[in-house]
Amino acid sequence: MNTTASPKTPLPVPSGDRLEGRSRRARTEPMSVLPLGDGLYEVESASEQTYLVDLEGGRCTCPDHVFRGVRCKHIRRIAIEITDGRTPPPGEITVPCHDCKTTVFVDETDPGPFYCETHTIWPGDTVVDRETGDRLTVVDVSVLRADAVRIGAADCTVAEYGTNESYNPDVPVVGAVYPHATVARHGVVPESLKVYVFPRTRLEKQPARLGSS
Ligand SMILES: [Zn+2]
Ligand SMILES: [Zn+2]
């Protein structure tokens, strides 16, 4: 699993706080925190050393913890970053959005692909098909994978379908309709409202049109 470290930078010391020793250094020294999953974190210190921290066990591989048994600045730093929303809590990891690379915190057992809030799609959203440029309206966001959903008319899975071959077969599928429904004198022609199924990564969310509500 790809996971991303927090930016290596000092953190501001809250005004009025008279932090001493390890509590102060946990903030003022530039450190980055990489969530590894399973409650483990890797902290890179100002001196480029990396230490492994088991947060729930309260353990760190640094000499300060190993030899003195204290709650070292690395353990404190992770706790601060979690409180500040810079680093995810145990059980979550940091990953880039598939479409814009903004980092998001996700459950470490989620299979992905991952999207930020802007690029997450919901029924009713407008998306663009990356292959054709067509605009569609989403009607269903499934948890089923493209290699597990069959297209009856084509006798193959969504993943195997010709124009989908360049997309990962293990992504979920999304059902969408084309907006150009055929309306006859007696109403909408049902076949023209067919739901088409796409691998999630083939579709890209479009921002809501200005002026529409
Ligand atoms: Zn430490
Ligand atoms: Zn995004």
Side-chain angles (χ1 to χ4, degrees), residues 1-122 125-127 141 171-172 200-201 203-211 213:
M1 180 75 74
N2 258 340
T3 164
T4 307
S6 62
K8 190 169 180 178
T9 166
L11 300 180
V13 176
S15 62
D17 265 22
R18 300 177 70 90
L19 297 176
E20 305 284 341
R22 293 180 180 89
S23 291
R24 170 169 278 277
R25 292 200 299 277
R27 283 188 174 272
T28 55
E29 292 184 11
M31 292 186 237
S32 73
V33 178
L34 179 67
L36 300 173
D38 283 333
L40 300 177
Y41 297 82
E42 189 179 275
V43 178
E44 189 181 300
S45 72
S47 57
E48 312 273 300
Q49 294 276 357
T50 57
Y51 300 105
L52 188 65
V53 174
D54 167 2
L55 188 65
E56 286 166 324
R59 285 192 299 269
C60 180
T61 53
C62 77
D64 199 27
H65 179 79
V66 171
F67 296 116
R68 298 189 194 91
V70 297
R71 189 171 151 85
C72 63
K73 61 188 176 187
H74 311 109
I75 297 174
R76 291 166 197 246
R77 174 65 171 236
I78 296 168
I80 293 166
E81 293 213 358
I82 291 172
T83 303
D84 289 355
R86 298 170 59 88
T87 289
E92 296 182 12
I93 53 171
T94 311
V95 294
C97 166
H98 178 274
D99 286 354
C100 73
K101 309 303 173 205
T102 297
T103 55
V104 287
F105 299 165
V106 298
D107 191 295
E108 64 185 315
T109 61
D110 278 359
F114 304 106
Y115 295 91
C116 69
E117 212 170 303
T118 307
H119 291 108
T120 298
I121 60 174
W122 301 94
D125 283 344
T126 301
V127 290
V141 181
V171 301
R200 169 63 183 91
T201 42
L203 303 175
E204 184 174 14
K205 183 165 171 177
Q206 291 300 289
R209 277 190 216 180
L210 288 176
S213 56

If only atom types and distance count, is the side chain of T126 paired as donor or acceptor with the main-chain N or O of Q206 below 3.5 Å? no

For [X] and [Y], work out which heavy atoms get closest and say how close.
{"X": "W122", "Y": "D125", "result": "N-OD2, 2.8 Å"}
{"X": "L36", "Y": "L52", "result": "CD1-CD1, 3.5 Å"}
{"X": "R77", "Y": "V33", "result": "CG-CG2, 4.2 Å"}
{"X": "I93", "Y": "P35", "result": "CG2-O, 4.0 Å"}
{"X": "E81", "Y": "S6", "result": "OE1-OG, 2.8 Å"}
{"X": "P113", "Y": "R200", "result": "CG-CG, 4.4 Å"}

Any chance you could measure E44, atom CD, to M31, atom CE, to the nearest 0.5 Å? 11.5 Å

Checking T3 against L34 for the side-chain contact (heavy atoms from CB on, under 4.5 Å) test, could you report, in this order, the C-alpha distance in whole Å, the side-chain angles of both residues, the deciding distance, and whether it holds? CA-CA 7 Å; T3 164; L34 179 67; 3.9 Å; yes

Would R24 and V13 satisfy side-chain contact (heavy atoms from CB on, under 4.5 Å), going step by step from the backbone distance to the final call? CA-CA 7 Å; R24 170 169 278 277; V13 176; 4.2 Å; yes

Test: ring-ring contact (aromatic ring centres under 6.0 Å, His included). Region: residues 42-72. Which pairs qualify, not counting sequence neighbours? Y51-H74

Partners meeting ring-ring contact (aromatic ring centres under 6.0 Å, His included) with H98 (sequence neighbours left out): Y115

Could you give me the CA-CA distance, side-chain angles and deciding distance for T9 and R86, then say whether side-chain contact (heavy atoms from CB on, under 4.5 Å) is met? CA-CA 11 Å; T9 166; R86 298 170 59 88; 3.2 Å; yes

